Amino acid sequence: MPHLASPLHIVCVSTPVGALGSGLGGGVELTLANLVSVLQQQGQRVTVVAPAGSVLPGVELIQVAGVLQPIAQNQDRHAPITLPVGNVLSRMWQVVQAQPWDLAINLAYDWLPLYLTPFFDRPVLHLISMGSLLDYLDEVLAQVCATAPQRVAMHSRAQAMTFGETIAQQVTILGNGLDLRQYEFCPDPQPVLGWVGRIAPEKGLPDALAVARQTGYPLRIMGKIADPDYWQDICRQFPEAPHYYQGFLSTHELQKRLGSCLALLVTPHWVEAFGNVVMEALACGVPVLSYALGGPAELVRAGETGWLVPPGDVAGLAAAVAQVGQIDRRRCRQVAEQEFSLTAWGERVATWLRRNQSAAAGDA
Ligand code: HBI
């Protein structure tokens, strides 16, 4: 495990859209928990600043009260910057300013922390969690990259490319990782297909239900109903869907029900920044059948850990189900261990911090 020159005091600033543990922060909640554990393993002192009501065991946690930030996906691309009166985001950064840290890592997908970067005399780093969604975010991100590109990291090249070639070349691509001890390898699947994700339009659940209908395999649906009206639409189109719905599950329950699936269907209708569900499936030995779009297209090895088909090609996914027997489930688990272990991810994080630490030492 590569260690930084000397222990740093690192403050990690969470997403302002929800308390840690509420599920509102989506993939950032998993990423933040993993970031804290790899930094602590590397001997750093870590403090987390997050909205009131947050839960994150084993780390100094400063909870900040305030109005939650509207989520970026629901805003119009050309929307102006919004900071509600009493917003938790600016209060979190007032708390950050008062802390004695060497280096800050921001995980919010928001304008303010990016804008504040040059106003601090200590390095503020950013781990960007989604692709390009908002003009004001693109603009302020380009400003940070113009002066200090080493401050910015993302999860996949496809995600970075949504911000344009220049930014994609400048930022650090970190991938992601997960605690493999929480995922059990399952060698003997049941004749069911799996789908995991927030049940919202950008995730493409209807396509997976169409594949289930075409192949005759039931579809095990796992994830949060983020948009109830949308779920009702799906139930009308696919009367069997409610029967397949397993709910929003804990990691332990998720990996148990996902692990026994024949394959995971990944049907993004947007450029998915990474695709934590791909890591989770492979960790259980489950081959992944996905549209060749966004992060999943970089994670799935065609013919080795799954199959990739053109975006929107439902018939192609159905045909890939027939080929899934060619994929070795043990190889899927092995690839997860090689590429997505916390150790592997931690080394990539340490390299990113070292690239910024010299600045931290210099600025301190
Ligand atoms: N929206 N404004 C805003 N800020 C965030 O940090 C944010 C978000 N939407 C979703 C989100 N973070 C996370 O769920 C991402 O991991 C997707």
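Only a predicted model underlies this, so the values are computations on that prediction, with no experimental measurement involved.
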Closest approach of [X] and [Y], non-hydrogen atoms and distance?
X: P189; Y: C261; value: CB-O, 3.5 Å
X: T172; Y: W352; value: OG1-CD1, 3.6 Å
X: M130; Y: A72; value: CE-CB, 4.0 Å
X: Q69; Y: V17; value: O-CG1, 3.6 Å

Distance-only polar pair, side chains of [X] and [Y], donor-acceptor under 3.5 Å:
X: Q246; Y: R257; answer: yes
X: R348; Y: T351; answer: no
X: E139; Y: Q143; answer: no

Between the main-chain N or O of [Y] and the side-chain N or O of [X], is there a donor-acceptor pair closer than 3.5 Å?
X: E298; Y: A158; value: yes
X: Q40; Y: G58; value: yes
X: E339; Y: A336; value: no
X: W345; Y: L178; value: no
X: D138; Y: D135; value: no
X: Y245; Y: G223; value: yes
X: W195; Y: L219; value: no

Original post:
Do W101 and F120 pass the ring-ring contact (aromatic ring centres under 6.0 Å, His included) test, and can you show the C-alpha distance, the side-chain angles, and the key distance before you say yes or no?
Top reply: CA-CA 11 Å; W101 44 273; F120 281 99; 5.6 Å; yes
Original post:
Does D227 pair with K203 as a salt bridge, N-O distance under 4.0 Å?
Top reply: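 No, D227 and K203 are not salt-bridged.
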Original post:
What class does the angle between the rings of W111 and Y115 fall in, given that below 30° is parallel, 30 to 60° is tilted and above 60° is perpendicular?
Top reply: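 Aromatic pair W111/Y115 classed parallel.
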Original post:
Within a radius of less than 6.0 Å around OH of Y244, do more than 12 heavy atoms belonging to other residues, nucleotides or ligands occur?
Top reply: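 Enclosed.
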Subject >> E60 CD: over 12 foreign heavy atoms closer than 6.0 Å >> reply: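 Yes.
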**OP:** Run the numbers on Q94 and R91 for side chain to side chain donor-acceptor pair (under 3.5 Å), then give the verdict.
**Re:** CA-CA 5 Å; Q94 283 167 332; R91 293 181 178 187; 5.7 Å; no
**OP:** Please name the residue in the list V124, V11, I10 that meets the side-chain contact (heavy atoms from CB on, under 4.5 Å) test with L103.
**Re:**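 It is I10; the other options fail the test.
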